[in-house]
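Here is the structure we will look at, set down as structure tokens.
Predicted model only: the values in this text are computed from it and were never measured.
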2 protein chains.
Amino acid sequence: MNEDQAVSALSALAHTQRLRVFRALVVAGPEGLTPSVLADQLDVARNTLSFHLKELAHAGLVTIEQQGRNLIYRAEYAHMNGLIGYLTEHCCQGGVCEVSESTQCNC
Amino acid sequence: MNEDQAVSALSALAHTQRLRVFRALVVAGPEGLTPSVLADQLDVARNTLSFHLKELAHAGLVTIEQQGRNLIYRAEYAHMNGLIGYLTEHCCQGGVCEVSESTQCNC
DNA sequence: TCATTAATTCAATGATTGTTGTATTATCGA
DNA sequence: TCGATAATACAACAATCATTGAATTAATGA
């Protein structure tokens, strides 16, 4: 994770609809979700959703797999964990902190 | 952490300069840093920096303490950890995941 | 008190972003 | 092959954001 990637990922998440989409995909887990299901679940216009999914994909936070005429979107946990690590890197000059159990996902 | 707080925090971080400022404060730890030091260290105009620090403070990611004519800014680790938790909440429908050691800071 | 330094505020301007409507590509099933 | 569905692409406009310069507030020390 470098600075540009981090800013890109944060920008992608810094939006109500995209954050909802991403969290829905995090909850969905490895099965993923299709744009249609997401659009119904979150009540967003399909072209708007498409735009937002593209943003998330471009930021590396979700992956796309084609299955027939459906697309399966999935949260990219590795990238999310990389972002989280980037935020806390070299915390407190490396000396003072304790490390704790977290809710990081290893799917 | 609720949705609005999360979007607010993510928006605050989704910017090259503010991300640098925040990470510098994370590294600085409990001692914190003054705007002057940050401005020199990151080569940003003081009024621009002031604007960005206000954004970070408004998002709850940094705290401000006055010491004479200096202000001490510090990263608010609890809020950052709350944000991280929000992103991964109910991950994989609560069933499939393992929890790992992370780099979360407990200052 | 007065000059200096720390930091912020405000208005203005240029740049970026979000949403919508319309059109397009591609796949499926009859 | 043809109609229906899944999904994306594109252009346009409104709304929001970032930066700058100038002015302001507040604290320090001679």
Side-chain angles (χ1 to χ4, degrees), chain A residues 3-25 28 31-76, chain B residues 3-25 28 31-76:
Chain A
E3 186 177 74
D4 284 347
Q5 288 176 310
V7 170
S8 174
L10 290 163
S11 294
L13 293 172
H15 185 282
T16 305
Q17 311 237 51
R18 285 197 293 267
L19 185 56
R20 285 182 190 164
V21 168
F22 181 73
R23 294 203 338 135
L25 290 174
E31 284 177 33
L33 292 172
T34 64
S36 298
V37 173
L38 278 166
D40 291 349
Q41 193 172 313
L42 302 173
D43 198 27
V44 190
R46 311 234 160 167
N47 50 0
T48 301
L49 177 65
S50 182
F51 168 77
H52 290 313
L53 283 168
K54 204 176 73 173
E55 294 287 303
L56 288 169
H58 185 256
L61 286 164
V62 306
T63 58
I64 314 176
E65 182 197 345
Q66 184 139 21
Q67 280 189 5
R69 73 176 141 185
N70 291 307
L71 295 181
I72 313 288
Y73 281 86
R74 294 188 182 88
E76 180 70 9
Chain B
E3 186 177 74
D4 284 347
Q5 289 177 309
V7 170
S8 176
L10 290 164
S11 295
L13 294 171
H15 185 281
T16 305
Q17 313 239 49
R18 285 198 294 266
L19 185 56
R20 284 182 191 164
V21 169
F22 181 74
R23 294 203 339 136
L25 291 173
E31 285 178 32
L33 292 171
T34 64
S36 299
V37 173
L38 278 167
D40 291 348
Q41 192 171 314
L42 301 174
D43 197 29
V44 190
R46 311 232 160 166
N47 51 0
T48 301
L49 178 65
S50 182
F51 168 78
H52 290 312
L53 283 169
K54 205 176 72 173
E55 292 288 302
L56 288 169
H58 186 256
L61 286 164
V62 306
T63 59
I64 313 176
E65 182 197 345
Q66 184 141 17
Q67 280 189 6
R69 72 178 140 185
N70 292 307
L71 295 181
I72 313 287
Y73 281 86
R74 294 188 182 88
E76 180 71 10

Original post:
Reading nucleotides 8-21 of chain D 5' to 3', which nucleotides get B (base under 4.0 Å from a protein heavy atom), which S (sugar-phosphate only), which -?
Top reply: BB--------SBBB

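- With sequence neighbours left out, B:R69 forms a side-chain hydrogen bond (donor to acceptor under 3.5 Å, both in side chains) with no residue at all.
- Among all heavy-atom pairs drawn from B:F22 and B:L61, the shortest one is CE1-O, 3.4 Å.
- Going from atom CD of A:E65 over to atom C1' of D:dA7 covers 16 Å, rounded to whole Å.
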Under 3.5 Å, which protein N or O atoms sit close to an N or O of nucleotides 27-30 of chain D? Give each pair with its distance.
none

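- For A:G32 against A:I72, the heavy-atom pair with the smallest separation is CA-CG2, 4.1 Å.
- Within the structure, side chain to side chain donor-acceptor pair (under 3.5 Å) contacts touching residues 33-49 of chain B (residues at least two apart or in different chains) are B:S36-B:R46, B:D40-B:R46.
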Let me check something: any side-chain donor-acceptor pairs from residues 8-21 of chain A under 3.5 Å, sequence neighbours excluded? List them with distances.
| from | atom 1 | to | atom 2 | distance (Å) |
| --- | --- | --- | --- | --- |
| A:S11 | OG | A:V7 | O | 2.9 |
| A:H15 | ND1 | A:Q17 | N | 3.2 |
| A:R18 | NE | A:A12 | O | 2.6 |
| A:R18 | NH1 | A:H52 | ND1 | 3.0 |
| A:R18 | NH2 | A:S11 | O | 3.3 |
| A:R20 | NE | B:E3 | OE1 | 3.4 |
| A:R20 | NE | B:E3 | OE2 | 2.7 |
| A:R20 | NH2 | B:E3 | OE1 | 2.9 |

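- The rotation axes computed at either terminus of the helix from C:dT1-D:dA30 to C:dA30-D:dT1 lie 30° apart, taking five pairs at each end and rounding to 10 degrees.
- The side-chain hydrogen bond (donor to acceptor under 3.5 Å, both in side chains) test applied to B:N70 returns no partner, not counting sequence neighbours.
- Bounding nucleotides for the chain A contact on DNA chain C, 5' to 3', at a heavy-atom distance below 4.0 Å, are C:dG18 to C:dC28.
- For the side chain to side chain donor-acceptor pair (under 3.5 Å) condition, no pair includes a residue of residues 53-64 of chain A, sequence neighbours left out.
- In terms of the side-chain contact (heavy atoms from CB on, under 4.5 Å) criterion, residue partners of A:Q5 (sequence neighbours excluded) are, by chain and number, A:M1, A:N2, A:H79.
- B:Q66 is linked by a side-chain contact (heavy atoms from CB on, under 4.5 Å) to B:L71, counting only residues two or more places apart in sequence or in another chain.
- Of all heavy-atom pairs between B:L33 and B:A28, the closest is CG-CB, 3.7 Å.
- The stretch residues 58-67 of chain A participates, sequence neighbours left out, in these salt bridge (Lys or Arg N to Asp or Glu O under 4.0 Å) pairs: A:E65-A:R74.
- No side-chain heavy atom of B:V44 sits less than 4.5 Å from a side-chain heavy atom of B:L38.
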